[in-house]
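Before any comments, here is the structure.
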Amino acid sequence: MSSAVAITNLLYRYGEMMDGADFEGASDLLRHATLKLMGGREIGGLDMRDVWNKMIVLDTEGRPNTRHVITNPILDVDEQAGEASCRSCYTVLQSLPGFPLQIIASGRYHDRFARVDGHWRFTFRDYSMFDFQGDLSQHLRM
């Protein structure tokens with residue numbers, strides 16, 4: 001598998017795990033990363049699991065009823081150094097009974113990656129670029 005495919009698969013796997021409420025798996029994808037949050041605060045990737053568990057609203061079956069759509073990846077890979085960066089966009093949709101399908105959030109990710117033990121891993125993710133807010137009342141405890 002090419003580095004470009006492996007790295008973009010990390011982006012898409014993250015979205016898939018978030019939509020499946022697999023916060024353990026999503027935080028594991030970020031285990032080697034530092035995350036920049038709104039306001040400039042930085043935390044370790046594994047610490048996001050606790051943040052998600054506290055903030056994300058799940059239905060009675062344990063689902064967030066979201067779809068994270070990650071698009072427009074602009075990837076720069078330095079094969080020799082084993083490093084890469086990527087800028088991408090995300091759009092989060094949500095649908096619930098009584099809450100019609102709608103976009104609830106959109107923004108951008110700036111990510112960095114490194115090859116760790118032969119596999120590409122996140123090393124940094126900037127979560128602070130939250131561009132458009134929809135109705136988050138059914139998604140986040142704020």
Side-chain angles (χ1 to χ4, degrees), residues 1-97 99 101-142:
M1 173 182 322
S2 73
S3 294
V5 169
I7 291 167
T8 53
N9 281 350
L10 285 173
L11 298 175
Y12 305 143
R13 191 169 292 119
Y14 165 84
E16 183 177 66
M17 289 177 170
M18 293 302 294
D19 294 333
D22 182 0
F23 304 142
E24 184 77 30
S27 67
D28 191 54
L29 288 179
L30 301 168
R31 84 169 28 258
H32 300 283
T34 299
L35 308 177
K36 179 180 174 184
L37 306 179
M38 301 290 284
R41 186 175 75 135
E42 292 187 351
I43 66 172
L46 290 174
D47 296 327
M48 276 306 290
R49 180 190 64 223
D50 295 332
V51 172
W52 292 323
N53 280 324
K54 289 176 187 169
M55 287 188 64
I56 296 178
V57 177
L58 303 177
D59 68 12
T60 57
E61 296 178 20
R63 300 174 305 193
N65 297 294
T66 56
R67 176 76 63 233
H68 285 68
V69 181
I70 300 168
T71 61
N72 305 17
I74 301 170
L75 190 57
D76 183 24
V77 180
D78 183 336
E79 292 286 354
Q80 194 167 22
E83 298 176 344
S85 63
C86 184
R87 298 185 321 269
S88 60
C89 301
Y90 68 87
T91 304
V92 182
L93 298 100
Q94 187 176 37
S95 179
L96 297 156
F99 189 83
L101 179 64
Q102 59 190 279
I103 295 171
I104 60 169
S106 183
R108 294 164 287 137
Y109 294 133
H110 285 187
D111 297 313
R112 290 194 303 264
F113 305 88
R115 232 186 258 113
V116 177
D117 298 326
H119 300 282
W120 285 102
R121 304 291 186 212
F122 284 94
T123 58
F124 178 81
R125 170 160 270 189
D126 188 342
Y127 271 112
S128 69
M129 294 171 287
F130 182 47
D131 297 326
F132 304 110
Q133 180 176 329
D135 184 349
L136 291 170
S137 66
Q138 303 300 306
H139 181 54
L140 297 178
R141 292 179 190 91
M142 299 183 356

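Annotation: Ile103, atom CD1; neighbour count of heavy atoms from other residues, nucleotides and ligands within 6.0 Å does not exceed 12. The neighbour count for Arg41 CZ, taken as heavy atoms of other residues, nucleotides or ligands under 6.0 Å away, does not exceed 12. Counting non-hydrogen atoms of neighbouring residues, nucleotides and ligands closer than 6.0 angstrom, the CZ atom of Arg115 exceeds 12 such neighbours.
You'll find the side chain of Pro73 reaches within 4.5 Å of the side chain of Tyr12, heavy atoms only. Inter-residue side-chain proximity for Cys86 and Leu75 is flagged as met; some heavy-atom pair is nearer than 4.5 Å. Between Met129 and His110 the shortest side-chain heavy-atom distance falls below 4.5 Å. The closest side-chain heavy-atom distance from Val116 to Phe122 is not below 4.5 Å. Residues His139 and Ile56 form a side-chain contact, since some pair of their non-hydrogen atoms from C-beta on lies under 4.5 Å apart. Residues Met18 and Pro64 are not in side-chain contact: their nearest non-hydrogen atoms beyond the backbone lie 4.5 Å or more apart. Inter-residue side-chain proximity for Asn72 and Ser88 is flagged as unmet; no heavy-atom pair is nearer than 4.5 Å. Val51 is listed as a side-chain neighbour of Ile43, based on a closest heavy-atom distance under 4.5 Å.
Atom OH of Tyr90 sits about 10.0 Å away from atom CD1 of Ile70, to the nearest 0.5 Å. With values rounded to the nearest 0.5 angstrom, Phe113 atom CZ is found 7.0 Å from Arg125 atom CZ. The CG atom of Leu46 sits 8.5 Å away from atom NE2 of His32, with the distance rounded to the nearest 0.5 Å. Note: Arg121 CZ to Leu29 CG = 8.0 Å, rounded to the nearest 0.5 Å. Interatomic distance, Leu140 CG to Asp135 CG, rounded to the nearest 0.5 Å: 10.5 Å. To the nearest 0.5 angstrom, Arg13 atom CZ is 9.5 Å from Thr8 atom OG1.
Between Ala21 and Gly62 the shortest heavy-atom distance is CB-O, 3.3 Å. Contact detail for Ile104 and Leu136: the closest heavy-atom pair is O-CD2, 3.4 Å. Contact between Leu10 and Trp120 at its shortest, heavy atoms only, is CD1-O, 3.4 Å. The heavy-atom pair separating Gly25 from Met17 by the smallest distance is C-SD, 3.3 Å. In this structure, Leu35 and Gly45 approach most closely via the heavy-atom pair CD1-CA, 3.7 Å. Across every non-hydrogen atom of Arg141 and Lys54, the tightest pair is NH1-O, 3.2 Å.
The pair Glu24-Arg49 counts as a salt bridge, with a side-chain nitrogen and a carboxylate oxygen less than 4.0 angstrom apart.
Ring geometry for Tyr109 versus Tyr14: interplanar angle over 60°, hence perpendicular rather than tilted (30 to 60°). Ring-plane geometry between Trp52 and Tyr127 is classed as perpendicular, the angle between the planes exceeding 60 degrees on a 0 to 90 degree scale with a lower cut at 30.
A distance-only check finds no donor-acceptor pair linking the side chain of Gln102 to the backbone of Gly134 [under 3.5 Å]. With hydrogens and angles ignored, the 3.5 Å screen pairs no side-chain donor or acceptor of Ser27 with any backbone N or O of Met48.
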(request) Before giving the answer on side chain to side chain donor-acceptor pair (under 3.5 Å), spell out for Thr66 and Asp19 the whole-Å C-alpha distance, their side-chain angles and the decisive distance to 0.1 Å. (result) CA-CA 5 Å; Thr66 56; Asp19 294 333; 2.8 Å; yes
(message) For a side-chain contact (heavy atoms from CB on, under 4.5 Å) check, start with the C-alpha distance between Cys89 and Thr71, then their side-chain angles and the critical distance, and finish with the verdict.
(response) CA-CA 5 Å; Cys89 301; Thr71 61; 3.7 Å; yes
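Results of the side chain to side chain contact (heavy atoms under 4.5 Å, CB included) test with Asn9 over Val5, Leu11, Ile7 single out Val5 as the only residue that passes.
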